[in-house]
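Okay, so here's the structure we're looking at.
Small disclaimer: the values here were computed from a predicted structure and weren't measured. The residues of the chain are indexed from 1 along the displayed sequence. Start at 1 and go down the list; that is how both ligands and their atoms are numbered.
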Amino acid sequence: MGRYPDLAGRAAIVTAGAVGIGGAIADGFADNGVSVAVVDKDPAAAHRKAAELTARGTGAVAIACDVTQSESVQQMVAEVLRRFGRIDILVNATGNRFGGMTTLTVSPEEWDTTFSLCLRSHYLCSRAVLPRMIEQGWGRIINISSDAGRLPVRLTSPAYAAAKAGVIGFTKHLALEVARQGITVNATVPGTTLTPRTRQSFALRPEGLKEREERNPLGRLAVPEEQAGIVVFLASDEARYITGAVMEVTGGLLMT
Ligand SMILES: NC(=O)c1ccc[n+]([C@@H]2O[C@H](COP(=O)([O-])OP(=O)(O)OC[C@H]3O[C@@H](n4cnc5c(N)ncnc54)[C@H](O)[C@@H]3O)[C@@H](O)[C@H]2O)c1
């Protein structure tokens with residue numbers, strides 16, 4: 001039995017759930033008996049993750065979906081309901097940055113792409129699951145923001161910083177909208193985390209890794225499991241009185 005027995009039998013959608021932080025969240029739910037829809041743009045990666053979860057004895061389904069597209073998101077949610085008969089938890093984990101690191105170098109197209117993946121996707125997926133959660137009188141939505149949206153300790157991308165700050169604003173507004181309907185909505189703020197993608201880029205630039213480790217109060221970067229734990233907690237009954245909250249998981253980077 002997992003750490004949160006109340007989660008057993010629930011059903012979750014994890015977007016960007018095939019790898020990295022989303023993949024670790026999918027694992028964390030599986031450990032607690034939650035059926036997981038692994039929703040990802042990359043069908044092969046989504047199937048690999050769902051097969052891993054199924055082999056561990058959890059209900060899992062892979063759904064290939066571009067969560068920036070309204071119609072695809074509606075179809076994805078209908079498919080999850082068809083497969084699991086319920087949706088209790090939504091984790092919006094999509095987000096990445098595109099293009100220039102400054103306002104002068106990021107193009108309008110890169111700005112829109114970044115906003116679409118980081119923010120529009122969270123709105124579209126939340127909107128698609130809400131009717132069901134309202135009907136059930138229970139739901140958990142957890143949005144993944146970023147330290148970049150909280151405090152720019154280094155240049156990343158103005159579009160990413162703005163969209164990730166937008167995730168926090170959206171989270172709080174939605175939390176207020178549905179607070180009396182049994183649904184909590186929270187955000188987590190990861191600091192740089194050693195996912196396959198970031199490991200690959202640090203392999204090309206080891207001095208970047210060293211600089212970040214030295215700057216971090218804990219002296220190291222997070223691993224995906226350390227981002228997943230708080231998300232599973234927020235979905236559990238232990239977190240029932242927490243809504244509209246922003247949980248920083250940065251090793252103390254943002255403490256001042
Ligand atoms: N990794 C970090 O250091 C870090 C730090 C702070 C915040 N974050 C945030 O955490 C979340 C996860 O980051 P990560 O680095 O683990 O993920 P990642 O960039 O490795 O990507 C995860 C998955 O997203 C999928 N994806 C991309 N576009 C999609 C789309 N349109 N629809 C559906 N799926 C799509 C990809 O196929 C991939 O499998 C993101 O929101 C990111 O902004 C990450």
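On a distance-only criterion, Ala93 and ligand 1 share at least one N/O pair closer than 3.5 Å. The shortest N or O to N or O distance between Lys41 and ligand 1 is under 3.5 Å. At least one N/O-N/O distance between Val67 and ligand 1 falls below 3.5 Å. Residue Thr198 has no nitrogen or oxygen atom sitting less than 3.5 Å from a nitrogen or oxygen atom of ligand 1, judged on distance alone. Distances between N or O atoms of Tyr160 and those of ligand 1 include at least one value under 3.5 Å. Inclusion of Pro190 in the set of residues having an N or O under 3.5 Å from an N or O of ligand 1 is not warranted.
Using a 4.0 Å cut-off to heavy atoms of Ser146, the atoms of ligand 1 that qualify are 6 (C), 7 (C). Remark: ligand 1 atoms within the under-4.0 Å shell around heavy atoms of Thr94 are 33 (C), 34 (N), 35 (C), 41 (O). Those atoms of ligand 1 that come under 4.0 Å of a heavy atom in Asn96, given as number and element, are 19 (O). Remark: ligand 1 atoms within the under-4.0 Å shell around heavy atoms of Cys65 are 32 (N), 33 (C). Atoms of ligand 1 found under 4.0 Å from any heavy atom of Thr192 (numbered from 1 in listed order, with element): 3 (O). Distances below 4.0 Å separate heavy atoms of Gly20 from the following atoms of ligand 1: 16 (O). For ligand 1, the atoms sitting less than 4.0 Å from at least one non-hydrogen atom of Thr195 are 1 (N), 15 (O), 16 (O), numbered in the order shown with element in parentheses.
At least one heavy atom of Ser145 sits less than 4.0 Å from an atom of ligand 1. The closest approach between Gly191 and ligand 1 falls below 4.0 Å for a heavy atom of the residue.
Residue contacts with ligand 1 for Pro224 are absent, since no atom lies close enough (heavy atoms, distance under 4.0 Å). In Leu117, the part holding a heavy atom less than 4.0 Å from any atom of ligand 1 is the side chain.
Using a 3.5 Å distance cut-off with no hydrogens or angles, the side chains of Thr195 and Thr198 do pair a donor with an acceptor.
With atom 3 (O) of ligand 1 as the reference point, the heavy atom nearest to it among Thr193, Thr113, Ile144, Thr250 is part of Thr193. Nearest-heavy-atom check against atom 17 (O) of ligand 1 across Arg197, Lys164, Met76 picks out Arg197.
In terms of protein heavy atoms, atom 4 (C) of ligand 1 is closest to Ile21 CD1, 4.1 Å.
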